[in-house]
Amino acid sequence: MSEIPSNLEDVLKDAHLPALMTAMVHMTGDTSWLKADWTPVYNPLSRGDTGLPEDVQADIRKRAAAAIREYLGGKPLQMPNPPTEILRRQMDFVAGAPIPEQYVDFLMDELALKGESSKDPKFDKPIHQEAARRLKVLVIGAGMSGILTGIRLSQAGVPFEIVDKNPDVGGTWLENTYPGCRVDNSNHMYSYSFEPSHEWPQHFSPQPVLLEYFRKVAAKHDLKKHIRFETMVEQVAWDDSRGVWRATLKGKDGKTEVVEASAVVTAVGQLNRPNYPDIEGIGSFAGPAFHSAEWRHDVDLKGKRVAVIGTGASAYQFVPEIAPTVGKLKVFQRTPPWGLPVPHYHEDVPEGMKWTLEHVPFFDKWYRFWLFWMTTEGFLPMVKSDPNWSGPTYAVGPENAMLREMVMESYRAQTADRPELLERVTPNYPIGGKRSVLDNGTWLAALKRPNVELITDKIVRITPKGVVTADGTVHEVDVLIYGTGFQASNFLSYLKVKGRGGRDLHDAWGGDARAYLGITHPGFPNFFTLYGPNTNIVVNGSIIFFSECAVRYVIGCLKLLAETGASAIEPKQEVYDDFNRRVDEANAGWAWGSPHVSSWYKNQFGRVSQNWPFGLIDYWKATLAPNQDDFVLEKAAEPVA
Ligand code: NAP
């Protein structure tokens with residue numbers, strides 16, 4: 001029996017109350033926990049405050065504590081598997097309002113109350129198992145998506161090997177070690193749906209915690225024996241005659257090896273090749289100069305004069321961290337970021353919340369459900385372009401303008417003592433045009449420090465001594481840090497991919513990467529990309545959800561091979577073209593597609609090559625299983641050994 005805290009009512013003060021009430025239905029079998037009077041009323045930036053009077057909340061907690069004491073004392077759960085009608089009521093209750101019917105299947109699947117989901121690979125028939133044994137999948141990358149792919153392939157019984165250039169798992173969470181690096185999606189949702197953690201120390205945990213999570217998950221699923229570290233995949237080439245991929249791997253020792261695989265899955269992320277800006281003289285700086293993703297921990301910044309170029313999501317996190325340490329900090333801003341108010345961005349998860357997650361069955365599920373639902377659409381309705389909008393170009397419609405006003409209120413409050421700063425940190429593009437950051441006040445507080453200077457003049461040159469701006473000023477510094485982002489739209493730039501007839505993927509793309517559902521490519525059989533073109537999200541959801549859907553689809557494609565006896569699968573050209581046409585059309589309807597915005601979401605042609613322009617539910621539906629009609633399936637002349 002678990003030890004019951006003597007002050008349980010107090011402990012429960014930390015718990016998300018609507019999720020607690022919803023979980024109580026399972027514990028007590030009593031649906032009166034869902035009564036109308038107790039329905040939560042959330043505000044748009046709510047952290048779960050219910051709007052219920054304090055005495056009512058205290059009464060609810062008292063009742064819940066009594067039920068939990070009984071349960072921990074040995075009383076069984078009264079309703080572990082509620083009938084659908086009650087489940088529906090629970091969903092509506094925790095959401096604070098009726099959930100539209102079209103979302104129900106999608107949300108039930110994500111909730112996975114019984115621990116089963118459409119994302120579990122079901123390679124359960126002998127035909128699947130037999131085919132699985134004949135496959136071999138090469139996975140490139142051991143970050144969030146690669147680990148996930150390994151887990152799912154392993155569950156399906158498909159042999160696989162993961163190759164990663166790094167010495168450990170973790171991908172982006174291994175590489176980005178800059179001070180202040182943390183996730184900007186609530187951790188209780190930014191985690192695999194099937195591997196919840198009750199231990200997140202913060203709502204948005206720092207990088208070392210994320211890295212530890214991915215290491216633990218990889219270890220739990222015994223993945224390391226499948227991973228080749230410190231190895232680059234330089235090329236993958238499809239052998240038409242034998243229907244296999246031949247991959248050239250290069251190890252740390254410089255030796256190359258060719259391995260064969262029936263399918264290749266790239267899980268390399270979109271944001272891992274540093275973008276060094278095209279500024280005259282770059283490279284001439286005499287002191288240490290490094291990119292945020294290649295942080296030089298050996299460079300002591302204490303008391304130094306430091307320049308930071310860029311004010312995107314990375315700089316937004318590390319500038320407030322280094323500002324108190326350095327002597328003088330010059331922050332070079334080309335475009336200010338939009339910071340959405342999230343006051344608890346750096347806050348710890350209270351101990352009582354952790355206790356409840358660990359000890360109250362289904363509480364974790366319902367809390368995650370709430371987070372997921374709140375971000376299913378998230379701010380999407382507020383970043384939709386209104387075709388009739390004739391207002392200023394810093395908004396794309398009336399709702400977007402309203403959101404801007406709301407955020408501006410927070411900016412004004414933070415700069416009341418520095419009105420000249422307000423103008424310089426106010427973006428002139430619509431919210432949602434670029435990736436917004438989470439604002440708890442630390443960014444502007446850092447910029448207001450006496451040792452920090454925000455410079456908005458254009459950089460014209462870098463010299464051995466520092467940075468020269470258009471006004472002729474030479475900003476002399478000791479250290480130069482690039483917070484200048486990644487070569488995001490340059491998908492798979494370091495991998496040569498040769499498909500049917502030796503066709504090169506990069507030639508096929510011509511610098512304008514595309515895929516069908518972000519995953520498959522005509523002319524490149526059994527070649528799958530995770531977090532591929534047009535699968536990034538801007539103001540809603542979590543990218544782990546996208547990877548889980550995409551991996552389900554990849555496994556579905558392998559299953560289709562098993563069921564049809566085919567050995568090669570690729571999308572029909574017309575299906576791919578039609579999908580990309582729809583994507584382009586839809587992307588134009590969002591703030592990030594606005595012609596008044598430039599960002600890493602767009603490629604060199606100005607086309608949005610990164611973002612998914614539909615709802616989460618649309619990706620979920622589209623990736624439930626491959627539609628055979630979308631594909632060309634081919635039998636190998638010679639079966640894969
Ligand atoms: P970023 O958002 O692309 O920001 C790059 C910054 O460098 C921008 O301010 C950009 O200005 C500036 N810049 C680029 N080239 C420049 C030049 N030639 N001269 C002057 N300034 C220049 O990169 P990031 O901050 O590394 O973030 C990239 C993405 O990674 C984010 O959007 C986010 O998706 C992800 N990320 C997430 C987190 C998290 O919280 N979990 C943290 C970091 C990053 P312009 O805006 O004018 O181009």
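Numbering of ligands and ligand atoms starts at 1, following listing order.
Where the criterion is an N or O separation shorter than 3.5 Å, residue side chain and backbone included, Thr335 meets it with respect to ligand 1. Residue Pro277 has no nitrogen or oxygen atom sitting less than 3.5 Å from a nitrogen or oxygen atom of ligand 1, judged on distance alone. The shortest N or O to N or O distance between Ser292 and ligand 1 is not under 3.5 Å. Residue Ile309 has no nitrogen or oxygen atom sitting less than 3.5 Å from a nitrogen or oxygen atom of ligand 1, judged on distance alone. At least one N or O atom of Arg182 sits closer than 3.5 Å to an N or O atom of ligand 1. Of the polar atoms of Tyr345, none of the N or O atoms is found under 3.5 Å from an N or O of ligand 1, judged by distance alone. Looking at Ser314 next to ligand 1, an N or O pair under 3.5 Å apart turns up.
Judged by the 6.0 Å and 45° rule, Lys434 forms no cation-pi pair with Trp338. For the pair Arg404 and Tyr394, the cation-pi criterion (under 6.0 Å, within 45° of the ring axis) is fulfilled. Cation-pi geometry between Lys621 and Phe106 is not met at under 6.0 angstrom from the ring centre and within 45 degrees of the axis.
Proximity of Lys434 to ligand 1 is established by a heavy-atom distance of less than 4.0 Å. Using a 4.0 Å heavy-atom cutoff, Tyr601 is absent from the residues neighbouring ligand 1.
Around NZ of Lys465, the count of heavy atoms belonging to other residues, nucleotides or ligands within 6.0 Å does not exceed 12. Residue-environment remark: CG (Asp471) exceeds the threshold of 12 foreign heavy atoms within 6.0 Å.
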(request) Dump the intermediate steps for side-chain hydrogen bond (donor to acceptor under 3.5 Å, both in side chains) on His344 and Gln202, then the final yes or no. (result) CA-CA 9 Å; His344 65 303; Gln202 299 197 322; over 6 Å; no
(message) Please evaluate residues Phe290 and Tyr178 with respect to the criterion ring-ring contact (aromatic ring centres under 6.0 Å, His included), reporting the C-alpha separation (whole Å), side-chain torsions for both, the decisive distance (0.1 Å), and the verdict.
(response) CA-CA 11 Å; Phe290 54 89; Tyr178 60 79; over 10 Å; no
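Of the listed options Tyr178, Tyr316, Trp173, Tyr178 places a heavy atom closest to atom 42 (C) of ligand 1. Within the set Gln487, Arg334, Lys458, the minimum heavy-atom distance to atom 21 (N) of ligand 1 is found for Arg334. Taking only non-hydrogen atoms, the option from Asn536, Ile279, Ile537, Thr311 nearest to atom 9 (O) of ligand 1 is Thr311. Selection from Ser598, Gly483, Ser599 by nearest heavy atom to atom 5 (C) of ligand 1 gives Gly483.
Under 4.0 angstrom from ligand 1, the non-hydrogen atoms of Thr484 come from both its backbone and its side chain.
Looking at Leu444 and Arg418, their side chains never come closer than 4.5 Å, going by heavy atoms from C-beta outward.
Of all heavy-atom pairs spanning Gln487 and Pro274, the tightest one is NE2-O, 2.9 Å.
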